[in-house]
Asks: 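One structure coming up, written as structure tokens, with questions to follow.
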Amino acid sequence: MDYKESCPSVSIPSSDEHREKKKRFTVYKVLVSVGRSEWFVFRRYAEFDKLYNTLKKQFPAMALKIPAKRIFGDNFDPDFIKQRRAGLNEFIQNLVRYPELYNHPDVRTFLRMDSPKHQSDPSEDEDERSSQKLHSTSQNINLGPSGNPHAKPSDFDFLKVIGKGSFGKVLLAKRKLDGKFYAVKVLQKKIVLNRKEQKHIMAERNVLLKNVKHPFLVGLHYSFQTTEKLYFVLDFVNGGELFFHLQRERSFPEHRARFYAAEIASALGYLHSIKIVYRDLKPENILLDSVGHVVLTDFGLCKEGIAISDTTTTFCGTPEYLAPEVIRKQPYDNTVDWWCLGAVLYEMLYGLPPFYCRDVAEMYDNILHKPLNLRPGVSLTAWSILEELLEKDRQNRLGAKEDFLD
Ligand code: ADP
Ligand code: MG
């Protein structure tokens, strides 16, 4: 699901115009796009505010925010409206990141998500219609050993969208041949290739060329492509995002946090051993399988090089664990992942990321300069490993010497 840039707001007369003659208010028009359906919702600021207040109470850890109320001044000032529109749009983007938010009945109503004419059919695939006309821009991508030249979208029944990330979407799919379920990640080539960093695709290819196999990394069965899209056939991991569980329970007891941290560390150590730096470990990429083991998704498939400028603007909805060197845009290496492990562990134990602050700029400043604030409630061992992982100087960080062995 994704929300495109909201269109210019329109001012329309209030419906009880006949009673209060000149009363006017600004209605924000937001283009909602889900799968292949797109529609507009028109909402007033007050409606956003109401939804925001409901959600804030129910999901205090989600760091949702909307632009502040304006008490004085002209509410029709174009600059003001523009700013507010950007803020409201961002709020909406954050809502659709998390199933627990977009499945909330108030959110669904607000976005008119259940209106029948918006039901998208995820199986519908443009490729099959447009594959005849070869686009000059389309490019064949080397999918490495996982590439299966015989596979095609019509091998699957696409059942529903289960995730949406920065580059594409992930669909639950049933393979017609054997009735098995898979998570199929679909990326638009043109989006991948348009991103200014052509090196993404290179990075992706490098990962694809390696045979990545580990119990705590999502398994890639095979991949294929059409003129417009790349398809990755992955294990369907059905235990939900780790942080969905964390949000429900606020924090985990230490033994549980230790278990997840150990599995994540093991996966990271393995990736490092085959020269892959995960770099942006974040809550939404840590899934649990049906028996409760960690499964990391999204390693190396086109995330390499997502510029920090992209991150800063969408930060509140993307609690990414940014290491100081990443914020400073300095070179990074394996040790960046050990910072992220520290951040995940911290959040599992305390319920909020380290250095957390609603204000993003301040949070960045805290990550760079503020000493780690460790509150009581965890063991000395946990305390010391957090300090060592969340060490600002990557050369002194736990893992700097012998990586996983440390
Ligand atoms: P992006 O690179 O766009 O962030 P991801 O691979 O992280 O894409 O997938 C987006 C979301 O889809 C994930 O956060 C997760 O919730 C869901 N998802 C991804 N892969 C799987 C999978 N194999 N099984 C179940 N859900 C998945
Ligand atoms: Mg992701």
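Order of appearance sets the numbers: ligands from 1, and atoms from 1 within every ligand. Computed over heavy atoms, backbone and side chain alike; hydrogens, waters and symmetry mates excluded. For clarity, every value in this text was computed on a predicted model and none was experimentally measured.
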Asks: Taking only heavy atoms of Asn285, which atoms of ligand 1 are found under 4.0 Å from at least one of them?
Replies: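 So the answer, numbered in order with elements, is 7 (O).
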Asks: Short list, please: which atoms of ligand 1 are under 4.0 Å from a heavy atom of Asp235?
Replies: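 Matching atoms, with element in brackets: 22 (C), 23 (N), 24 (N).
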Asks: Within the 4.0 Å heavy-atom shell around Ala183, which atoms of ligand 1 are there?
Replies: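 Result: 22 (C), 23 (N), 24 (N).
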Asks: State which residues pass ring pair (Phe, Tyr, Trp, His ring centres under 6.0 Å) with Phe252; sequence neighbours excluded, sorted by chain then number.
Replies: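 Checked Phe252 against ring pair (Phe, Tyr, Trp, His ring centres under 6.0 Å); matches are Tyr260.
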Asks: Using 2.8 Å as a strict upper limit, say whether an N, O or S atom of Asn285 approaches the Mg ion (ligand 2) that closely.
Replies: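 Yes, within the cut-off.
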Asks: With Glu249, which residues qualify under salt bridge (Lys or Arg N to Asp or Glu O under 4.0 Å), at least two apart?
Replies: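 Once residues adjacent in sequence are excluded, the partners of Glu249 under the salt bridge (Lys or Arg N to Asp or Glu O under 4.0 Å) criterion are Arg256.
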Asks: For ligand 1, does Lys185 get within less than 4.0 Å through its side chain, its backbone, both, or neither, judged by non-hydrogen atoms?
Replies: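 Lys185 to ligand 1: side-chain contact only, backbone stays beyond 4.0 Å.
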Asks: Going by the order shown, which atoms of ligand 1 are within less than 4.0 Å of some heavy atom of Ile162?
Replies: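 Counting atoms of ligand 1 from 1, those under 4.0 Å from Ile162 are 25 (C), 26 (N).
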Asks: State the atoms of ligand 1, each with its element, that fall below the 4.0 Å cut-off from a heavy-atom position in Glu241.
Replies: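 Under 4.0 Å from Glu241, ligand 1 has these atoms: 14 (O), 15 (C), 16 (O).
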Asks: Which heavy atom of Leu88 sits nearest a heavy atom of Ile66, and at what distance?
Replies: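 Scanning both residues, the minimum pair turns out to be CD2-CB, 4.3 Å.
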Asks: Going by the angle between their ring planes, with limits at 30° and 60°, are Phe224 and Phe156 parallel, tilted or perpendicular?
Replies: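 Parallel: the ring planes of Phe224 and Phe156 meet at under 30°.
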Asks: Do Arg43's NZ or CZ and the ring of Phe110 fall within the cation-pi criteria of under 6.0 Å and 45°?
Replies: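 Yes, Arg43 lies over the aromatic ring of Phe110.
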Asks: For atom 21 (C) of ligand 1, tell me which residue out of Leu234, Leu287, Val218, Val237 has the closest non-hydrogen atom.
Replies: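 Residue with the shortest heavy-atom distance to the ligand atom: Leu287.
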Asks: Could you check which of Val161, Val233, Val170 puts a non-hydrogen atom nearest to atom 18 (N) of ligand 1?
Replies: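 Checking each option, the heavy atom nearest atom 18 (N) of ligand 1 is found in Val170.
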Asks: For the pair Phe243 and Tyr321, name the ring-plane relationship: parallel under 30°, tilted 30 to 60°, perpendicular over 60°.
Replies: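 Ring orientation of Phe243 relative to Tyr321: tilted.
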Asks: For ligand 1, find out whether one of its N or O atoms is nearer than 3.5 Å to an N or O atom of Glu284.
Replies: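 Looking only at distances, the answer is yes, because the N/O contact criterion of under 3.5 Å is met.
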